[in-house]
Structure formats: C-alpha cells, structure tokens
Amino acid sequence: MDIPINEEASLHPISTQGNRYTDDDGTDFYKGKIFKDKQELTKLLKLASVKKDQRFKSVKSSKDVYCARCVDQNCDWWLRATKLKSCNRFEITKYRNIHSCGAQHLTSHHPHASADVIAEYIQPNYLNGKGPSTKDIKNIVQADLGCKISYWKCWKSSEIAKAMIRGTPKHGYAVLDGYRHMLMTINEGSKTSLKLDDKGRFKYFFASYGAWIRGFVHMRKVLAVDGTFLRGRYDGVLLSAVAQDTENHVFPIAFCVVDKECDAAYEYFFEKLLDIVPDTSELCIIFDRHPSIEKTLSKFYSEAYHGCCTRHLGENARTNFHCGAFLGHYYHATKAYRRDVFHDHFEQIRIINAEVADYLENVGFHKWCRAYFPGNRYDVLTSNIAESVNAMFNEAREFPIIALFNDISKRWSEKFHERRMAYAKVKTTFVPSAETKIMANKNLGNKLLVHQIDEDTFSVTADNGIAMVHLRSKICSCREFDLDKIPCQHAMAALRHKFGDEYGKMIYEYSSPYYKVESYILAYADPIYPVPAEEFWNLPLEILERVIPPLEKKTKPGRKRLKRVPTIGEVVSKKRNKCSLCKRFGHKTTSCPTRSNEVAGTSNGVVS
C-alpha cells in the first residue's frame, strides 16, 4: 500500500550509479517511496521480486532500518529503507534498481512466493463477492506472476486473503458486541439483540435496521419467515423475516443468526420481532410449515393470521402421493377469490386423487387458499420472497458473521437507493403495477350494466352473473375488491355510475393507500449506513473489553456439506444418465443393451 506523506516524498530522484539505472524497473519501487510499516515494505518487496522473477535476501532488519540485496554477491541491486521519526512508516532512502546478475540462481519454485505474498496479490478479488476458487488462484498466479505453487499454498493464500478483507470467523464473534453497538449508533432506531449461552459463548444475534422498521409502516402487513443454513467455519442458521412491496420487490424486516433451527431459536426470533412488528389482526405471516415455526408462532402472534406456503404444500402433496396431475387445479384453487370457484377446482382435485384432496383438507382450507383465509394475504401466497433473500446471500453465507451482516447492509443500502431514485421519477398516483390493474378493471367495468339500490349499494350485471358492490365498505361479492384493495371491474362500474366524470379521481380514494407512489418512496426513504472498519469504532470500555467466544463447533467426519438439505417432501431433480451409444436416458454406455448385443454377436462370431 503506497501512503505518500507529501508530494515532495514521491518526487525524490532515484539514486543511480551511471546511466545504466533507469527510473522505472516495473516494480513501482523508487527512492522516497513511503510504506505503512516494515511489514508492508517486506511483503510488497517479495511480491515485486516474484513478478520480476528475481531473488533477494535481507542483510539488515531492525526496528529502524531494513536493507536487502540480491542473492548474487556480485549483483548491483540494493535497497535500504529507514523508519521515519514521527511514526512507524518506512521510507526508501537508497535504491539501485538494476540486477546485473545472471540466471544461475533461478529455480522452478520462487522462494518468496509464500502464502502471505500470494494473499496480498489476490486479495482485491475478494472485495466483492465470493472470490476465486483454489483452482482459479493457481491459474491466476501462473498467468500473472509466472509462478507455480502447490494446491495447499493456493488454499492457504485464499484463507489469508479472506481474513484480510473480511476478518476471521473467530474474530467476528469476538467483537460482535462492539459491532452491534456501532450499528445502532450509526443507524438511528435500529433494534439488535445478542444472547450468549450458559458458558458465555455466542448463541443468537438479531438485527433490524431503523430504515427497515420505519419503512414497513408504509407496506402491506404480510411477512414471510424462513431459515437457511450458514456455511462458515462455525455453521449456524440465518433466520429472516421479509415483506413484499406493491411492485413485488422483497423488503427486509429482520435477520437473526442462531445455532440451529429449533423451538428455542424461533422463540427468540419471534420475541425480538414482536418489538418491531406488533401483533395485530391486520398482520399475516406466511411460512413453509416448519414444525418449530408452526409451534412457536401462535405464542407470540396470536392475533395475526398464519398461512402456509402454497408451493411447499403442493410439492409435499405431490411427493407424498406420487401424483402431479392435480397441481394445475390446486394452484387455481389457491388463487381463487370466491369459494364456489375454489370448490370447483377442489372437486377436480378429488376426482384426480382423493388422497391428495383429503391431505389438503386436513391441513385446513384457511391455511392455504385465499377464498377461506380469514385475514388478507393479498397476492402473497408463497414464502418465495424469503427464499429469494436466501439465494441473494448465497455467497455471503460463507462469510464470518460481521462480514455477513456488512454484506446484508450493503446490498439493501444499494436496493433502497436504487428503488428510491427510480420511483421518484414516476408521475402516476399509484405504482405502475397497480395502475396497470386499475386500467384493466376500468376497461372491463365500462361494459357492465349497473343498477343502484341505495346510496352505496349497487347491483352490477356481467357475463358471468350479477355482483353486489358496497362502496362504503369497499367490498364486492366477487371478493376481488375485498382482497386486493383495488376496485374490481364491478366496483369500477359502480364508481362510474355514482361519481360520473369525477369517478377517475375516486378510484384512488377507494383503493388502499399502500399502492401510492408516495407510500412506496416513503418505505425506501431512509438510508442504510454501513458500520465503519473496526479501527474507527468508538466503544465504551466495558464493550471494548468484552470478547465473545464463537459457537461450540463439533467437527463431523468427511467433507463439509455445502448444498442445501431439501425440506421434507421437497422434489429434488436428479441428473439422469444419457447413453452416448443409443442416446437414451437411464443408463450408461457400459450397461447399454445395444452394446451388450454387439459384444454377444462378436463373441459368437469368434467361436464359430
């Protein structure tokens, strides 16, 4: 790292002996160059020697002076650096930059290509994302530095580089309380909680940014809850609660790292979630029927309505009963507004497979179909939004805990800014998706006949029958107006009949304010500030002295599992073998019947 003190330091002339020494030897070393400390000087010197395929040795190394020369005693290359009096920085005071030696000292493996030096070179690759694999590092080093290193050194280099960028997993837990303090200090209104076990080790960490909490006030009150396992050194599980905005984008509410998915972990999660999302009858919580969620949710959210993920339920039924023919009617049934339409599809399910129908009925219609759901889940029928977040942080799940939450903060900060700026330019009253639905319903409503019964009650005749609309209550017998909170085609016809030329403005008055562009922008209005680097933390003494041990890890035999464990009943597609001889699936070339027949025919020919 080049840290010049002033402009004069970077303009010192290079010490030379005759005209054969040039100003630039391709290493970026020169007289007057400043380094942060002696360690940085030696590390960059080794990296430069690897790049140029030259060797040097240290001839003097003290706290104030560092001298190095070429391994060839007759070579002119020489470097001297001294410590500045006011700080720990080192400055190159003498530098002869030309090697006058031959190639007799070169070997196939460079002595300065240590894991630390390689890590210094590859660390920029880990600034954004997962970074290169061990195999990629081997190729990078050979292509860029012309140096061959072992697989173990590649792996060790990657571990050091990751630690340089993200910190070590152990250190992440050790300073987690300080990180928590800084997060709440910088982001006003944030809620965090840290729990340790009986031995003083880490157990749970909950975090919700103030921008998320304030933004959710302007969102539809539907949450999806899910968990995904972490792949770091100490494992663990990341629990998440997310919402869906009116443009079908994922909106974060809270994240929590726990030791494992169990009743105690979800109790802690819902207890902390209750502080930021109150338990009301307006709230709906969607989950994938994980037994611990189902068991603990009612303890903290008794007023809220609970619904299961329709996708998980359908896949479970498909797997358990080895039947997929019912799925078309099943998904139509889940989305139906009216109960008669729901029962039409459900009867078809019963005809296709009675066991599936009994299974779905035992779960309870109110858990998975919109027509019987006692609350309002709008169009959020699955927990896919929570699983989208899991996929969003797929790479970050390998990071140490602080690096994980830094990545969460960074990603959502970018999303908030992106959406805030994009929708500030929208000139319509409602968000585009709602405006599209309004226009479609308005066009359909223009063709319907309306009979007014009283001031707010209307009978609307359509092709599929008569619908009753009550504008004051914002309900229609088709139930689309009730559940979507946007006037359906029947309500549009009633509004046109009642308000005449003014009915275009009244459409927005009879729709939910959650669809307003203003509400959308307010949800993303507050910025999310990143926690600064650890050296800039300002902590109370008691937090500064507190060191938290990580989770107690029990090492299992064998290679660590990186792929997700499928949920109960989840269908996992398996790769099918394809024969290169007959081009059919289900077997390999070695077991192909065609090949067996050919071999048998050849054998018979030989015998005869």
Side-chain angles (χ1 to χ4, degrees), residues 222-228 244 261-263 266 270 281 283-387 390 464-465 477-480 482-484 564-574:
V222 183
L223 294 183
V225 175
D226 197 18
T228 183
Q244 188 178 56
E261 273 191 291
C262 61
D263 294 354
Y266 275 109
F270 288 130
S281 58
L283 180 66
C284 170
I285 300 177
I286 310 296
F287 58 97
D288 61 359
R289 298 193 73 215
H290 189 285
S292 291
I293 301 179
E294 203 161 10
K295 184 177 179 180
T296 58
L297 188 57
S298 56
K299 181 177 178 180
F300 298 94
Y301 285 94
S302 56
E303 295 294 325
Y305 294 103
H306 311 153
C308 64
C309 171
T310 56
R311 182 179 65 83
H312 279 90
L313 183 63
E315 291 297 337
N316 288 351
R318 175 185 180 180
T319 304
N320 294 340
F321 301 102
H322 308 287
C323 175
F326 73 95
L327 285 175
H329 287 288
Y330 167 75
Y331 286 119
H332 281 298
T334 62
K335 299 174 184 177
Y337 292 102
R338 299 200 330 251
R339 293 184 179 181
D340 58 331
V341 176
F342 163 80
H343 282 289
D344 288 343
H345 289 289
F346 188 74
E347 287 306 315
Q348 292 299 317
I349 295 174
R350 187 173 294 281
I351 292 171
I352 294 170
N353 193 310
E355 288 183 310
V356 170
D358 291 340
Y359 169 75
L360 296 174
E361 191 169 7
N362 290 335
V363 171
F365 294 156
H366 65 286
K367 289 283 188 181
W368 57 274
C369 72
R370 192 156 52 171
Y372 276 93
F373 193 73
N376 191 3
R377 57 197 293 173
Y378 293 87
D379 56 351
V380 185
L381 302 179
T382 70
S383 60
N384 287 356
I385 52 175
E387 295 192 10
N390 297 342
N464 57 350
S477 58
C478 76
R479 300 197 73 230
E480 183 178 339
D482 317 25
L483 299 181
D484 286 347
R564 184 175 69 87
V565 178
T567 56
I568 298 173
E570 182 178 349
V571 177
V572 180
S573 59
K574 295 182 179 179

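When a residue number appears, it is its place in the shown sequence, counting from 1. The structure displayed is predicted, hence computed values, not measured ones.
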- Within-4.5 Å side-chain heavy-atom neighbours: Lys367 and Tyr372: no

- Which pair of non-hydrogen atoms, one from Val356 and one from Ala317, has the smallest distance, and what is that distance? CG1-CB, 4.3 Å

- Message: Taking the cut-offs as 6.0 angstrom to the six-membered ring centre and 45 degrees off its axis, would you call Arg318 and Phe326 a cation-pi pair?
- Response: no

- Task: With rounding to the nearest 0.5 Å, note down the distance linking CD1 in Ile286 to SG in Cys308.
- Result: 8.0 Å

- Do Tyr359 and Leu313 pass the side-chain contact (heavy atoms from CB on, under 4.5 Å) test, and can you show the C-alpha distance, the side-chain angles, and the key distance before you say yes or no? CA-CA 10 Å; Tyr359 169 75; Leu313 183 63; 3.8 Å; yes

- Going from CG on Asp344 to NE2 on His332, what distance comes out if it is rounded to the nearest 0.5 angstrom? 12.0 Å

- Message: If you compare all heavy atoms of Pro374 against all heavy atoms of Tyr305, which two are closest, and at what distance to 0.1 Å?
- Response: CG-CD2, 3.4 Å

- Nearest heavy-atom contact between Ile352 and Cys323 is CG2-SG, 4.2 Å

- Query: Stepwise, does the side-chain contact (heavy atoms from CB on, under 4.5 Å) test hold for His306 with Ser298?
  - Reply: CA-CA 8 Å; His306 311 153; Ser298 56; 4.1 Å; yes

- Query: Any donor-acceptor pair under 3.5 Å linking the side chain of Thr310 with the backbone of Leu381?
  - Reply: yes

- Message: Ignoring hydrogens and geometry beyond distance, is a side-chain donor-acceptor pair present between Tyr337 and Asp482 at under 3.5 Å?
- Response: no

- Roughly how far, to the nearest 0.5 Å, is the CG atom of Asp288 from the CD atom of Glu387? 7.0 Å

- Task: Apply side-chain contact (heavy atoms from CB on, under 4.5 Å) to Arg377 and Leu483, showing your working.
- Result: CA-CA 8 Å; Arg377 57 197 293 173; Leu483 299 181; over 6 Å; no

- Query: Which atoms form the tightest heavy-atom contact between Ile285 and Leu297, and what is the distance?
  - Reply: CD1-CD1, 3.7 Å

- State whether the side chain of Tyr266 and the backbone N or O of Glu294 hold a donor-acceptor pair below 3.5 Å, judged by distance alone. no

- For residues His312 and Thr382, determine if any side-chain heavy atom of one lies less than 4.5 Å from a side-chain heavy atom of the other. no

- Do Arg338 side-chain atoms and Ala371 backbone N/O form a donor-acceptor pair below 3.5 Å? no

- Before giving the answer on side-chain contact (heavy atoms from CB on, under 4.5 Å), spell out for Ser383 and Phe287 the whole-Å C-alpha distance, their side-chain angles and the decisive distance to 0.1 Å. CA-CA 6 Å; Ser383 60; Phe287 58 97; over 6 Å; no

- Query: Parallel, tilted or perpendicular: which describes the rings of Phe270 and Tyr301, with under 30° parallel and over 60° perpendicular?
  - Reply: perpendicular

- Item | Heavy-atom pair of closest approach, residues Cys262 and Ser292 | C-OG, 3.4 Å

- Task: Give, for atom CD of Glu315 and atom CG of Asn320, the distance between the pair rounded to the nearest 0.5 Å.
- Result: 11.0 Å

- Message: For Trp368 and Phe346, take the angle between the two ring planes, folded into 0 to 90°, and tell me which bin it lands in: parallel under 30, tilted 30 to 60, perpendicular over 60.
- Response: tilted

- Any chance you could measure Asp484, atom CG, to Arg479, atom CZ, to the nearest 0.5 Å? 11.0 Å

- Message: Tell me if the aromatic rings of Phe365 and Phe342 count as close, with their centers under 6.0 Å from one another.
- Response: yes

- Query: Between the side chain of Arg370 and the main-chain N/O of Lys335, is any donor-acceptor distance below 3.5 Å?
  - Reply: yes

- Note on the structure: Between His345 and Ala333, the two heavy atoms sitting closest are CB-CB, 3.9 Å

- Query: Which distance, rounded to the nearest 0.5 Å, do you find between the CG of Asn353 and the NE2 of His322?
  - Reply: 10.5 Å

